[in-house]
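Quick notes on the structure that follows.
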Amino acid sequence: MADSERYIILPRQGVRARRPVELETLQQFPSTSSMGPSKTFRLDALGVDVSVVDTVAESSAKLVDISPEAAARLNAPDSPVRALKEVFYPLPQPAEGTVDAAATAVAAAAPTTAASTFKVEVSNAQTGAPIGGCKVSAFSDFQNRIGTVGFTDAAGTVTLSLPAAVVERITANPEPGNGFWSGYLRNVPASGVLKIKVPPFAMPYTDCVRHYFGATNFVAATGVVVGVIDTGCGPHADLNIIGGRNTVTGEPAGAISDGQYHGTHVAGLVGARGTAPNGVRGLAPGVGINAYRVFGANARGASNYAILKAMIHAANDECDIINLSLGGGPHNEIVEEAIVDARNQGMLVVIAAGNGYRAAVSFPAAYSGATAVSAMGREGTVPPGSAEELQIVRPPYSTADALEFIAGFSNVGPQIAVTGPGVGAISTLPNNRIGPLSGTSMAAPVIAGAATCLLSQNPGVHGMIRDRTRSAAIERLLQASCAQRGFGLVFEGLGLPQSPTV
Amino acid sequence: MERYTLYYRGQGSPAGDAAMIAATPGLRVIDHEVERAMLVEAEPGTIERVRARFPQWMVSREAYYPRPEPQ
(Lines give C-alpha, C1' and ligand atoms only; values in the text may rest on other atoms or scores of the structure.)
Protein backbone atom coordinates (compact mmCIF):
# COMPACT_ATOMS: atom_id res chain seq x y z
CA MET A 1 0.00 0.00 0.00
CA ALA A 2 1.66 3.21 -1.19
CA ASP A 3 2.61 5.84 1.40
CA SER A 4 1.11 3.75 4.13
CA GLU A 5 2.15 3.67 7.74
CA ARG A 6 1.61 1.13 10.42
CA TYR A 7 -1.15 1.70 12.92
CA ILE A 8 -2.98 -0.22 15.58
CA ILE A 9 -6.74 -0.17 15.31
CA LEU A 10 -8.57 -0.18 18.62
CA PRO A 11 -12.08 0.54 19.93
CA ARG A 12 -12.70 4.13 20.93
CA GLN A 13 -11.95 3.23 24.53
CA GLY A 14 -9.90 0.38 25.97
CA VAL A 15 -8.49 -2.48 23.97
CA ARG A 16 -11.58 -4.66 23.68
CA ALA A 17 -14.81 -3.68 22.00
CA ARG A 18 -17.54 -2.81 24.50
CA ARG A 19 -20.17 -1.34 22.22
CA PRO A 20 -21.89 -3.31 19.43
CA VAL A 21 -20.85 -0.78 16.79
CA GLU A 22 -17.21 -1.17 17.80
CA LEU A 23 -17.42 -4.96 17.72
CA GLU A 24 -19.24 -4.92 14.41
CA THR A 25 -16.54 -2.74 12.87
CA LEU A 26 -13.62 -4.72 14.26
CA GLN A 27 -15.16 -8.02 13.15
CA GLN A 28 -15.01 -6.83 9.56
CA PHE A 29 -11.21 -6.98 9.66
CA PRO A 30 -10.02 -10.29 8.20
CA SER A 31 -8.00 -12.31 10.70
CA THR A 32 -4.36 -12.88 9.94
CA SER A 33 -1.24 -13.72 11.85
CA SER A 34 2.11 -12.04 12.23
CA MET A 35 3.71 -14.92 10.35
CA GLY A 36 1.33 -14.86 7.39
CA PRO A 37 0.70 -12.43 4.51
CA SER A 38 -1.26 -9.26 5.13
CA LYS A 39 -4.83 -9.07 3.88
CA THR A 40 -6.28 -6.01 2.20
CA PHE A 41 -9.93 -5.01 2.40
CA ARG A 42 -12.14 -1.93 2.26
CA LEU A 43 -13.92 -0.73 5.36
CA ASP A 44 -16.99 0.51 3.53
CA ALA A 45 -18.63 2.26 6.46
CA LEU A 46 -15.70 4.66 6.71
CA GLY A 47 -14.55 4.47 3.11
CA VAL A 48 -10.97 3.49 3.81
CA ASP A 49 -8.68 0.79 2.44
CA VAL A 50 -6.86 -1.25 5.04
CA SER A 51 -4.07 -3.80 4.82
CA VAL A 52 -4.31 -6.02 7.89
CA VAL A 53 -0.93 -7.25 9.10
CA ASP A 54 -1.85 -8.97 12.34
CA THR A 55 -4.88 -9.43 14.52
CA VAL A 56 -5.06 -10.18 18.22
CA ALA A 57 -8.74 -11.06 18.46
CA GLU A 58 -12.01 -10.41 16.73
CA SER A 59 -12.98 -7.80 19.29
CA SER A 60 -9.59 -6.30 19.86
CA ALA A 61 -6.50 -4.78 18.30
CA LYS A 62 -5.55 -4.99 14.63
CA LEU A 63 -2.15 -4.10 13.24
CA VAL A 64 -2.66 -2.45 9.88
CA ASP A 65 -0.97 -0.52 7.10
CA ILE A 66 -3.02 2.52 6.14
CA SER A 67 -2.51 5.92 4.57
CA PRO A 68 -2.35 9.03 6.76
CA GLU A 69 -5.69 10.08 5.23
CA ALA A 70 -7.25 6.78 6.23
CA ALA A 71 -5.86 7.18 9.74
CA ALA A 72 -7.44 10.60 9.96
CA ARG A 73 -10.77 9.20 8.85
CA LEU A 74 -10.54 6.37 11.40
CA ASN A 75 -9.86 8.94 14.10
CA ALA A 76 -12.79 11.16 13.13
CA PRO A 77 -15.36 11.78 15.89
CA ASP A 78 -17.99 9.59 14.21
CA SER A 79 -15.68 6.60 13.84
CA PRO A 80 -16.34 3.66 16.18
CA VAL A 81 -12.63 2.83 16.25
CA ARG A 82 -9.36 4.72 16.54
CA ALA A 83 -5.98 4.37 14.85
CA LEU A 84 -2.83 4.68 16.94
CA LYS A 85 0.60 4.74 15.38
CA GLU A 86 2.66 1.64 16.03
CA VAL A 87 5.47 2.31 18.48
CA PHE A 88 8.40 0.23 19.60
CA TYR A 89 9.89 -0.30 23.01
CA PRO A 90 13.47 0.93 23.00
CA LEU A 91 15.99 -1.81 22.46
CA PRO A 92 14.03 -4.91 23.39
CA GLN A 93 17.40 -6.52 23.81
CA PRO A 94 18.59 -9.67 25.48
CA ALA A 95 19.24 -9.30 29.16
CA GLU A 96 22.99 -8.95 28.76
CA GLY A 97 23.03 -7.34 25.38
CA THR A 98 25.59 -4.67 26.13
CA VAL A 99 27.65 -3.98 23.07
CA ASP A 100 27.31 -7.35 21.39
CA ALA A 101 23.61 -7.71 21.08
CA ALA A 102 23.17 -4.09 20.16
CA ALA A 103 25.51 -4.50 17.23
CA THR A 104 23.82 -7.67 16.11
CA ALA A 105 20.49 -5.96 16.15
CA VAL A 106 21.44 -2.92 14.16
CA ALA A 107 23.96 -4.04 11.64
CA ALA A 108 21.33 -4.04 8.94
CA ALA A 109 20.24 -0.53 9.81
CA ALA A 110 23.42 1.17 8.72
CA PRO A 111 22.84 3.98 6.24
CA THR A 112 24.16 3.63 2.74
CA THR A 113 27.34 5.67 3.10
CA ALA A 114 30.65 4.73 1.54
CA ALA A 115 32.02 1.83 3.57
CA SER A 116 35.42 1.78 5.25
CA THR A 117 36.99 -1.65 5.50
CA PHE A 118 39.50 -2.51 8.17
CA LYS A 119 41.15 -5.53 9.69
CA VAL A 120 40.96 -6.34 13.38
CA GLU A 121 43.58 -8.34 15.24
CA VAL A 122 42.64 -9.69 18.68
CA SER A 123 45.34 -10.98 20.97
CA ASN A 124 46.15 -11.88 24.56
CA ALA A 125 47.33 -8.68 26.26
CA GLN A 126 49.99 -10.56 28.20
CA THR A 127 51.36 -13.11 25.73
CA GLY A 128 50.43 -11.59 22.40
CA ALA A 129 48.91 -14.89 21.27
CA PRO A 130 45.99 -14.55 18.84
CA ILE A 131 42.47 -15.20 20.13
CA GLY A 132 40.25 -17.09 17.69
CA GLY A 133 36.47 -17.37 17.82
CA CYS A 134 36.22 -13.95 19.41
CA LYS A 135 33.15 -11.83 18.78
CA VAL A 136 34.10 -8.37 17.52
CA SER A 137 31.48 -5.60 17.57
CA ALA A 138 32.29 -2.29 15.89
CA PHE A 139 30.23 0.88 15.90
CA SER A 140 30.56 4.05 13.90
CA ASP A 141 27.63 5.59 15.79
CA PHE A 142 26.98 3.82 19.04
CA GLN A 143 24.08 5.99 20.16
CA ASN A 144 22.15 5.10 17.03
CA ARG A 145 23.54 1.57 17.08
CA ILE A 146 25.10 1.73 13.65
CA GLY A 147 27.61 -1.04 13.66
CA THR A 148 28.62 -4.49 12.58
CA VAL A 149 29.71 -7.80 14.08
CA GLY A 150 32.20 -10.48 13.12
CA PHE A 151 34.18 -13.35 14.61
CA THR A 152 37.95 -13.77 14.53
CA ASP A 153 39.53 -16.69 12.73
CA ALA A 154 42.20 -18.96 14.18
CA ALA A 155 44.78 -16.24 13.56
CA GLY A 156 42.73 -13.85 15.68
CA THR A 157 41.73 -11.66 12.75
CA VAL A 158 38.48 -10.50 11.19
CA THR A 159 37.75 -7.96 8.46
CA LEU A 160 34.86 -5.55 9.01
CA SER A 161 33.25 -2.64 7.21
CA LEU A 162 31.51 0.43 8.57
CA PRO A 163 29.82 3.36 6.84
CA ALA A 164 32.20 5.89 8.36
CA ALA A 165 35.86 6.88 8.54
CA VAL A 166 36.04 6.50 12.32
CA VAL A 167 35.20 3.59 14.59
CA GLU A 168 33.59 5.12 17.63
CA ARG A 169 33.97 1.97 19.69
CA ILE A 170 34.99 -1.58 19.00
CA THR A 171 34.91 -4.44 21.47
CA ALA A 172 36.36 -7.95 21.42
CA ASN A 173 34.49 -10.55 23.46
CA PRO A 174 36.07 -14.00 23.66
CA GLU A 175 33.76 -16.93 24.33
CA PRO A 176 32.75 -16.82 28.03
CA GLY A 177 34.82 -19.17 30.12
CA ASN A 178 37.77 -19.20 27.76
CA GLY A 179 40.02 -17.36 30.14
CA PHE A 180 39.62 -13.73 29.13
CA TRP A 181 37.93 -10.50 30.01
CA SER A 182 37.05 -8.41 26.97
CA GLY A 183 38.96 -5.71 25.14
CA TYR A 184 38.15 -2.50 23.31
CA LEU A 185 39.31 0.55 21.41
CA ARG A 186 37.62 3.93 21.05
CA ASN A 187 37.67 6.57 18.33
CA VAL A 188 40.13 4.92 15.97
CA PRO A 189 40.35 5.23 12.16
CA ALA A 190 38.25 2.70 10.24
CA SER A 191 41.21 1.68 8.14
CA GLY A 192 44.33 -0.44 8.26
CA VAL A 193 44.76 -2.85 11.16
CA LEU A 194 43.12 -2.32 14.56
CA LYS A 195 44.84 -4.24 17.33
CA ILE A 196 42.79 -5.12 20.39
CA LYS A 197 44.62 -6.56 23.37
CA VAL A 198 42.40 -8.54 25.69
CA PRO A 199 43.34 -8.98 29.37
CA PRO A 200 43.50 -12.63 30.40
CA PHE A 201 41.29 -13.77 33.25
CA ALA A 202 42.66 -15.62 36.24
CA MET A 203 41.60 -16.34 39.78
CA PRO A 204 41.87 -15.16 42.45
CA TYR A 205 40.41 -11.78 41.53
CA THR A 206 38.37 -9.28 43.54
CA ASP A 207 35.57 -8.28 41.22
CA CYS A 208 32.75 -5.85 41.97
CA VAL A 209 30.63 -8.56 43.58
CA ARG A 210 33.33 -9.59 46.04
CA HIS A 211 34.27 -5.97 46.65
CA TYR A 212 30.84 -5.43 48.14
CA PHE A 213 29.87 -8.95 49.19
CA GLY A 214 33.13 -10.69 49.93
CA ALA A 215 32.02 -11.95 53.32
CA THR A 216 28.37 -12.85 53.58
CA ASN A 217 26.67 -14.96 56.21
CA PHE A 218 24.36 -17.61 54.82
CA VAL A 219 22.61 -19.94 57.28
CA ALA A 220 22.07 -23.12 55.29
CA ALA A 221 20.07 -24.81 58.04
CA THR A 222 17.13 -22.43 57.54
CA GLY A 223 16.44 -24.23 54.26
CA VAL A 224 16.04 -21.30 51.90
CA VAL A 225 15.47 -22.36 48.28
CA VAL A 226 16.09 -20.16 45.26
CA GLY A 227 14.52 -20.61 41.84
CA VAL A 228 16.54 -19.54 38.82
CA ILE A 229 14.33 -19.05 35.76
CA ASP A 230 16.79 -18.90 32.92
CA THR A 231 18.67 -20.95 30.30
CA GLY A 232 19.11 -23.83 32.75
CA CYS A 233 21.93 -24.34 35.24
CA GLY A 234 25.16 -26.32 35.17
CA PRO A 235 26.66 -28.71 35.13
CA HIS A 236 29.06 -27.21 37.65
CA ALA A 237 30.45 -28.91 40.75
CA ASP A 238 30.13 -25.73 42.80
CA LEU A 239 26.38 -25.40 42.34
CA ASN A 240 23.86 -27.14 44.60
CA ILE A 241 21.12 -27.86 42.08
CA ILE A 242 18.39 -29.60 44.07
CA GLY A 243 15.65 -29.62 41.46
CA GLY A 244 13.89 -27.69 38.79
CA ARG A 245 12.27 -28.36 35.48
CA ASN A 246 12.50 -27.62 31.81
CA THR A 247 9.24 -25.85 30.99
CA VAL A 248 9.85 -25.42 27.27
CA THR A 249 7.03 -27.09 25.37
CA GLY A 250 8.37 -30.13 23.55
CA GLU A 251 11.53 -30.53 25.61
CA PRO A 252 12.10 -33.17 28.33
CA ALA A 253 11.10 -31.88 31.75
CA GLY A 254 14.33 -33.16 33.24
CA ALA A 255 16.61 -31.35 30.78
CA ILE A 256 17.62 -28.54 33.12
CA SER A 257 21.31 -28.25 32.25
CA ASP A 258 22.32 -24.94 30.79
CA GLY A 259 21.65 -24.64 27.08
CA GLN A 260 23.94 -21.64 26.91
CA TYR A 261 25.90 -20.34 29.92
CA HIS A 262 23.76 -17.51 31.21
CA GLY A 263 21.76 -19.43 33.82
CA THR A 264 24.85 -21.09 35.24
CA HIS A 265 26.46 -17.69 35.74
CA VAL A 266 23.32 -16.34 37.37
CA ALA A 267 23.03 -19.36 39.69
CA GLY A 268 26.67 -19.05 40.73
CA LEU A 269 26.26 -15.45 41.78
CA VAL A 270 23.45 -16.56 44.08
CA GLY A 271 25.03 -19.63 45.53
CA ALA A 272 28.31 -20.98 44.15
CA ARG A 273 30.26 -22.77 46.86
CA GLY A 274 33.73 -22.62 45.37
CA THR A 275 36.71 -21.81 47.52
CA ALA A 276 39.87 -19.74 47.12
CA PRO A 277 42.14 -19.51 45.35
CA ASN A 278 40.60 -20.93 42.18
CA GLY A 279 36.91 -21.26 42.99
CA VAL A 280 34.22 -18.61 43.13
CA ARG A 281 31.89 -17.97 46.05
CA GLY A 282 28.35 -16.79 45.58
CA LEU A 283 26.53 -14.75 48.18
CA ALA A 284 24.81 -17.79 49.69
CA PRO A 285 27.28 -20.63 49.16
CA GLY A 286 25.60 -23.97 48.67
CA VAL A 287 22.02 -22.70 48.79
CA GLY A 288 19.59 -25.11 47.19
CA ILE A 289 18.81 -23.97 43.67
CA ASN A 290 15.91 -25.08 41.51
CA ALA A 291 16.78 -24.55 37.86
CA TYR A 292 13.82 -23.74 35.64
CA ARG A 293 14.86 -23.73 32.04
CA VAL A 294 12.61 -21.52 29.92
CA PHE A 295 14.86 -20.99 26.92
CA GLY A 296 14.59 -23.87 24.49
CA ALA A 297 17.46 -25.35 22.58
CA ASN A 298 16.38 -23.75 19.33
CA ALA A 299 13.69 -21.33 20.40
CA ARG A 300 13.74 -17.66 19.57
CA GLY A 301 13.29 -16.85 23.22
CA ALA A 302 11.45 -17.74 26.40
CA SER A 303 7.71 -17.82 25.89
CA ASN A 304 5.27 -16.33 28.33
CA TYR A 305 3.87 -19.84 28.70
CA ALA A 306 7.22 -21.35 29.66
CA ILE A 307 7.78 -18.56 32.18
CA LEU A 308 4.29 -18.98 33.60
CA LYS A 309 4.83 -22.72 34.00
CA ALA A 310 8.19 -22.15 35.64
CA MET A 311 6.68 -19.76 38.16
CA ILE A 312 3.87 -22.18 38.95
CA HIS A 313 6.43 -24.95 39.49
CA ALA A 314 8.57 -22.64 41.62
CA ALA A 315 5.59 -22.05 43.90
CA ASN A 316 4.79 -25.77 44.05
CA ASP A 317 8.44 -26.47 44.83
CA GLU A 318 8.30 -23.91 47.64
CA CYS A 319 11.00 -21.64 46.36
CA ASP A 320 11.48 -18.61 48.58
CA ILE A 321 13.14 -16.29 46.11
CA ILE A 322 13.04 -16.47 42.33
CA ASN A 323 15.35 -14.70 39.93
CA LEU A 324 14.50 -13.75 36.38
CA SER A 325 17.43 -12.30 34.51
CA LEU A 326 15.46 -11.82 31.33
CA GLY A 327 13.41 -9.09 29.78
CA GLY A 328 12.61 -6.91 26.87
CA GLY A 329 9.65 -6.69 24.58
CA PRO A 330 6.18 -5.40 25.14
CA HIS A 331 3.83 -5.78 28.06
CA ASN A 332 2.36 -9.22 28.62
CA GLU A 333 -0.45 -9.66 31.09
CA ILE A 334 0.21 -13.35 31.65
CA VAL A 335 3.72 -12.76 33.00
CA GLU A 336 2.49 -9.76 34.97
CA GLU A 337 -0.17 -11.92 36.59
CA ALA A 338 2.31 -14.73 37.24
CA ILE A 339 4.43 -12.28 39.24
CA VAL A 340 1.41 -11.21 41.27
CA ASP A 341 0.66 -14.89 41.97
CA ALA A 342 4.25 -15.60 42.94
CA ARG A 343 4.14 -12.76 45.43
CA ASN A 344 0.81 -14.01 46.75
CA GLN A 345 2.47 -17.36 47.36
CA GLY A 346 5.18 -15.90 49.53
CA MET A 347 8.04 -15.55 47.07
CA LEU A 348 10.26 -12.56 46.38
CA VAL A 349 10.60 -12.03 42.64
CA VAL A 350 13.90 -10.42 41.62
CA ILE A 351 14.15 -9.29 38.00
CA ALA A 352 16.88 -7.64 35.92
CA ALA A 353 15.97 -4.13 34.75
CA GLY A 354 17.39 -4.70 31.26
CA ASN A 355 20.37 -3.49 29.28
CA GLY A 356 18.88 -0.83 27.05
CA TYR A 357 21.52 1.80 27.85
CA ARG A 358 19.38 4.05 30.06
CA ALA A 359 16.13 2.97 28.45
CA ALA A 360 13.04 2.54 30.59
CA VAL A 361 12.95 -0.50 32.87
CA SER A 362 11.94 -3.39 30.67
CA PHE A 363 9.14 -5.87 31.21
CA PRO A 364 8.78 -7.96 33.31
CA ALA A 365 10.99 -5.98 35.74
CA ALA A 366 8.66 -3.00 35.39
CA TYR A 367 5.68 -4.85 36.80
CA SER A 368 4.38 -4.09 40.24
CA GLY A 369 5.47 -6.93 42.49
CA ALA A 370 8.85 -7.30 40.83
CA THR A 371 12.04 -6.29 42.59
CA ALA A 372 13.67 -4.51 39.66
CA VAL A 373 17.45 -4.32 39.81
CA SER A 374 19.74 -1.86 38.05
CA ALA A 375 23.46 -2.56 37.62
CA MET A 376 26.32 -0.60 39.13
CA GLY A 377 30.06 -1.01 38.99
CA ARG A 378 33.19 0.24 40.63
CA GLU A 379 36.44 1.33 39.07
CA GLY A 380 39.30 -0.86 40.12
CA THR A 381 37.31 -4.08 40.03
CA VAL A 382 38.02 -4.82 36.36
CA PRO A 383 41.47 -4.95 34.77
CA PRO A 384 42.75 -1.92 32.84
CA GLY A 385 41.94 -2.21 29.17
CA SER A 386 38.89 -4.41 29.60
CA ALA A 387 35.74 -3.39 27.76
CA GLU A 388 33.91 -3.12 31.05
CA GLU A 389 35.54 0.31 31.29
CA LEU A 390 33.09 1.44 28.61
CA GLN A 391 30.33 1.13 31.16
CA ILE A 392 31.77 3.84 33.39
CA VAL A 393 29.26 6.61 32.81
CA ARG A 394 28.76 9.70 34.98
CA PRO A 395 26.56 11.45 35.97
CA PRO A 396 24.96 10.27 38.16
CA TYR A 397 27.63 10.39 40.82
CA SER A 398 27.90 8.32 43.95
CA THR A 399 28.24 10.29 47.15
CA ALA A 400 29.30 7.13 48.97
CA ASP A 401 32.29 6.20 46.83
CA ALA A 402 33.66 8.32 44.00
CA LEU A 403 34.76 5.21 42.12
CA GLU A 404 31.24 3.84 41.78
CA PHE A 405 28.99 4.27 38.77
CA ILE A 406 25.68 3.09 37.42
CA ALA A 407 26.57 0.89 34.45
CA GLY A 408 26.14 2.59 31.11
CA PHE A 409 24.09 -0.33 29.82
CA SER A 410 21.65 -0.34 32.73
CA ASN A 411 18.03 0.57 32.28
CA VAL A 412 16.69 3.04 34.81
CA GLY A 413 13.37 4.40 35.97
CA PRO A 414 10.98 4.76 38.86
CA GLN A 415 10.43 1.01 39.05
CA ILE A 416 14.04 0.36 40.12
CA ALA A 417 13.87 -1.16 43.60
CA VAL A 418 17.55 -1.62 44.34
CA THR A 419 20.90 -1.68 42.58
CA GLY A 420 23.54 -4.38 42.55
CA PRO A 421 27.05 -4.92 41.17
CA GLY A 422 26.90 -6.20 37.60
CA VAL A 423 29.98 -4.99 35.72
CA GLY A 424 32.63 -7.66 35.33
CA ALA A 425 30.94 -10.05 37.76
CA ILE A 426 32.78 -13.35 38.14
CA SER A 427 30.76 -16.53 38.43
CA THR A 428 30.36 -20.13 37.38
CA LEU A 429 30.04 -21.26 33.77
CA PRO A 430 29.02 -24.71 32.51
CA ASN A 431 31.45 -27.61 32.77
CA ASN A 432 33.24 -26.28 35.84
CA ARG A 433 34.50 -23.11 34.24
CA ILE A 434 34.56 -19.60 35.72
CA GLY A 435 34.50 -16.21 34.08
CA PRO A 436 33.29 -12.61 34.12
CA LEU A 437 30.10 -11.30 32.54
CA SER A 438 28.33 -7.96 32.68
CA GLY A 439 24.68 -7.02 32.73
CA THR A 440 21.69 -6.35 34.88
CA SER A 441 21.36 -10.13 34.57
CA MET A 442 24.33 -10.33 36.92
CA ALA A 443 23.15 -7.60 39.28
CA ALA A 444 19.79 -9.29 39.85
CA PRO A 445 21.15 -12.59 41.25
CA VAL A 446 23.50 -10.66 43.51
CA ILE A 447 20.40 -9.08 45.00
CA ALA A 448 18.64 -12.45 45.07
CA GLY A 449 21.68 -13.80 46.90
CA ALA A 450 21.64 -10.96 49.42
CA ALA A 451 17.95 -11.57 50.05
CA THR A 452 18.71 -15.28 50.44
CA CYS A 453 21.26 -14.55 53.15
CA LEU A 454 18.91 -12.18 54.96
CA LEU A 455 16.06 -14.68 54.84
CA SER A 456 18.34 -17.46 56.07
CA GLN A 457 19.18 -15.30 59.08
CA ASN A 458 15.49 -14.76 59.85
CA PRO A 459 13.87 -18.17 60.30
CA GLY A 460 10.76 -16.49 61.67
CA VAL A 461 10.12 -14.90 58.28
CA HIS A 462 11.09 -18.08 56.47
CA GLY A 463 8.53 -20.00 58.52
CA MET A 464 5.62 -17.66 57.77
CA ILE A 465 2.59 -18.90 55.87
CA ARG A 466 3.34 -18.63 52.19
CA ASP A 467 1.28 -15.61 51.23
CA ARG A 468 1.66 -11.98 50.27
CA THR A 469 2.50 -11.02 53.85
CA ARG A 470 5.47 -13.36 53.71
CA SER A 471 6.79 -12.05 50.41
CA ALA A 472 6.37 -8.51 51.75
CA ALA A 473 8.33 -9.47 54.86
CA ILE A 474 11.18 -10.82 52.71
CA GLU A 475 11.06 -7.64 50.66
CA ARG A 476 11.28 -5.56 53.82
CA LEU A 477 14.34 -7.48 54.99
CA LEU A 478 16.01 -6.55 51.73
CA GLN A 479 14.82 -2.96 51.79
CA ALA A 480 15.96 -2.44 55.38
CA SER A 481 19.46 -3.59 54.46
CA CYS A 482 19.84 -1.09 51.64
CA ALA A 483 21.76 2.16 51.70
CA GLN A 484 21.53 4.73 48.95
CA ARG A 485 24.76 5.65 47.22
CA GLY A 486 23.64 9.06 46.05
CA PHE A 487 22.84 8.16 42.45
CA GLY A 488 19.18 9.05 42.82
CA LEU A 489 15.99 7.02 43.00
CA VAL A 490 15.54 6.30 39.31
CA PHE A 491 19.04 4.87 39.13
CA GLU A 492 19.31 2.94 42.38
CA GLY A 493 15.93 2.78 44.09
CA LEU A 494 16.64 2.17 47.76
CA GLY A 495 20.29 1.63 46.95
CA LEU A 496 22.74 -1.20 47.49
CA PRO A 497 22.13 -3.84 50.16
CA GLN A 498 24.75 -3.90 52.86
CA SER A 499 26.68 -7.13 52.91
CA PRO A 500 24.61 -9.51 55.09
CA THR A 501 27.48 -10.54 57.35
CA VAL A 502 25.75 -10.57 60.74
CA MET B 1 -3.71 -20.99 13.62
CA GLU B 2 -2.17 -19.01 16.42
CA ARG B 3 -0.92 -20.10 19.81
CA TYR B 4 -2.33 -18.79 23.05
CA THR B 5 -1.41 -19.08 26.69
CA LEU B 6 -4.35 -19.60 29.06
CA TYR B 7 -3.97 -19.01 32.79
CA TYR B 8 -6.67 -19.93 35.32
CA ARG B 9 -7.34 -17.08 37.72
CA GLY B 10 -10.39 -18.45 39.50
CA GLN B 11 -10.88 -20.24 42.79
CA GLY B 12 -11.10 -24.00 43.07
CA SER B 13 -10.10 -26.63 40.57
CA PRO B 14 -9.83 -25.63 36.93
CA ALA B 15 -10.07 -29.24 35.76
CA GLY B 16 -13.67 -29.02 34.56
CA ASP B 17 -13.05 -25.85 32.62
CA ALA B 18 -9.87 -27.27 31.15
CA ALA B 19 -11.67 -30.32 29.86
CA MET B 20 -14.34 -28.20 28.21
CA ILE B 21 -11.75 -25.88 26.70
CA ALA B 22 -9.86 -28.86 25.35
CA ALA B 23 -13.07 -30.11 23.74
CA THR B 24 -13.71 -26.84 21.94
CA PRO B 25 -14.01 -27.48 18.19
CA GLY B 26 -11.13 -25.96 16.28
CA LEU B 27 -8.89 -25.75 19.32
CA ARG B 28 -5.87 -27.97 19.89
CA VAL B 29 -4.14 -28.31 23.25
CA ILE B 30 -0.38 -28.20 22.83
CA ASP B 31 0.69 -28.26 26.46
CA HIS B 32 -1.33 -28.73 29.66
CA GLU B 33 1.36 -29.96 31.99
CA VAL B 34 0.28 -27.78 34.88
CA GLU B 35 -3.35 -27.65 35.95
CA ARG B 36 -3.78 -23.90 35.88
CA ALA B 37 -2.11 -23.19 32.54
CA MET B 38 -2.65 -24.30 28.97
CA LEU B 39 -0.92 -23.65 25.69
CA VAL B 40 -3.40 -24.01 22.85
CA GLU B 41 -3.63 -23.43 19.13
CA ALA B 42 -6.75 -21.92 17.61
CA GLU B 43 -8.09 -19.37 15.20
CA PRO B 44 -8.68 -15.92 16.73
CA GLY B 45 -12.44 -16.35 16.49
CA THR B 46 -12.32 -19.62 18.37
CA ILE B 47 -10.17 -18.22 21.11
CA GLU B 48 -12.49 -15.24 21.46
CA ARG B 49 -15.35 -17.64 22.11
CA VAL B 50 -13.27 -19.45 24.71
CA ARG B 51 -12.42 -16.14 26.32
CA ALA B 52 -16.08 -15.18 26.49
CA ARG B 53 -17.22 -18.56 27.82
CA PHE B 54 -14.48 -19.00 30.41
CA PRO B 55 -13.89 -15.58 31.95
CA GLN B 56 -11.83 -17.02 34.78
CA TRP B 57 -9.12 -17.92 32.31
CA MET B 58 -6.77 -15.17 31.26
CA VAL B 59 -5.96 -15.48 27.56
CA SER B 60 -2.89 -14.06 25.87
CA ARG B 61 -1.10 -14.77 22.64
CA GLU B 62 2.09 -16.70 23.10
CA ALA B 63 4.88 -14.13 23.39
CA TYR B 64 8.62 -14.44 23.67
CA TYR B 65 11.37 -12.87 25.70
CA PRO B 66 14.72 -12.76 23.91
CA ARG B 67 17.52 -15.12 24.79
CA PRO B 68 20.11 -13.48 27.04
CA GLU B 69 23.46 -12.97 25.35
CA PRO B 70 25.94 -11.96 28.01
CA GLN B 71 29.09 -10.09 27.22
Side-chain angles (χ1 to χ4, degrees), chain A residues 31 33 55-60 92-101 104 171 173 176 182 230-231 247 249-250 253 260-262 265 294-295 299-305 307-309 312-313 316 325-330 332-335 337-338 363-364 387-388 436-439 441-442, chain B residues 1-22 24-71:
Chain A
S31 85
S33 79
T55 55
V56 175
E58 275 184 341
S59 62
S60 189
Q93 283 296 320
E96 275 61 57
T98 63
V99 181
D100 292 343
T104 306
T171 60
N173 299 93
S182 50
D230 214 293
T231 58
T247 61
T249 299
Q260 190 206 36
Y261 44 75
H262 186 270
H265 203 270
V294 295
F295 288 92
R300 53 183 163 150
S303 76
N304 55 353
Y305 184 70
I307 294 169
L308 170 63
K309 272 206 305 184
I312 290 173
H313 279 298
N316 293 342
S325 286
L326 52 81
N332 185 266
E333 63 271 29
I334 290 282
V335 175
E337 202 66 15
F363 297 116
E388 283 75 12
L437 292 173
S438 296
S441 279
M442 283 65 247
Chain B
M1 299 277 265
E2 296 173 21
R3 286 160 59 127
Y4 297 87
T5 295
L6 279 61
Y7 187 19
Y8 183 66
R9 310 298 298 123
Q11 303 294 318
S13 171
D17 278 5
M20 286 190 280
I21 290 170
T24 302
L27 179 146
R28 185 172 77 88
V29 177
I30 298 169
D31 191 336
H32 184 34
E33 184 204 319
V34 292
E35 192 178 37
R36 291 161 49 214
M38 300 176 83
L39 181 65
V40 305
E41 191 173 57
E43 293 292 350
T46 303
I47 209 71
E48 277 308 292
R49 286 190 286 278
V50 168
R51 193 198 300 269
R53 188 177 171 197
F54 301 97
Q56 291 186 310
W57 289 76
M58 178 178 279
V59 179
S60 173
R61 278 177 72 164
E62 187 178 33
Y64 285 85
Y65 290 87
R67 175 185 287 274
E69 290 182 5
Q71 180 169 309

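Here is the naming used below: chain letters follow the sequence lines, and residue numbers restart at 1 for every chain. A quick note: this is a predicted structure, and the numbers were derived from the prediction, not measured.
By number of non-hydrogen pairs under 4.5 angstrom with chain A, the leading residue of B/M38, B/E35, B/E43 is B/M38.
With sequence neighbours left out, A/A253 forms a side chain to side chain contact (heavy atoms under 4.5 Å, CB included) with A/R245.
Looking only at distances, no side-chain donor or acceptor of B/D31 sits under 3.5 Å from a matching main-chain atom of B/L39.
If you measure heavy-atom distances from A/H265 to chain B, you find no contacts under 4.5 Å at all. With a 4.5 angstrom heavy-atom cutoff, A/I334 touches chain B via backbone and side-chain atoms both. Only the side chain of A/V335 comes within contact range of chain B, with heavy atoms under 4.5 Å apart.
The distance from the CD1 atom of A/I307 to the CG atom of A/D230 is 10.0 Å, given to the nearest 0.5 Å.
Judged purely by distance below 3.5 Å, without hydrogens or angles, the side chains of B/S60 and A/N332 pair a donor atom with an acceptor atom.
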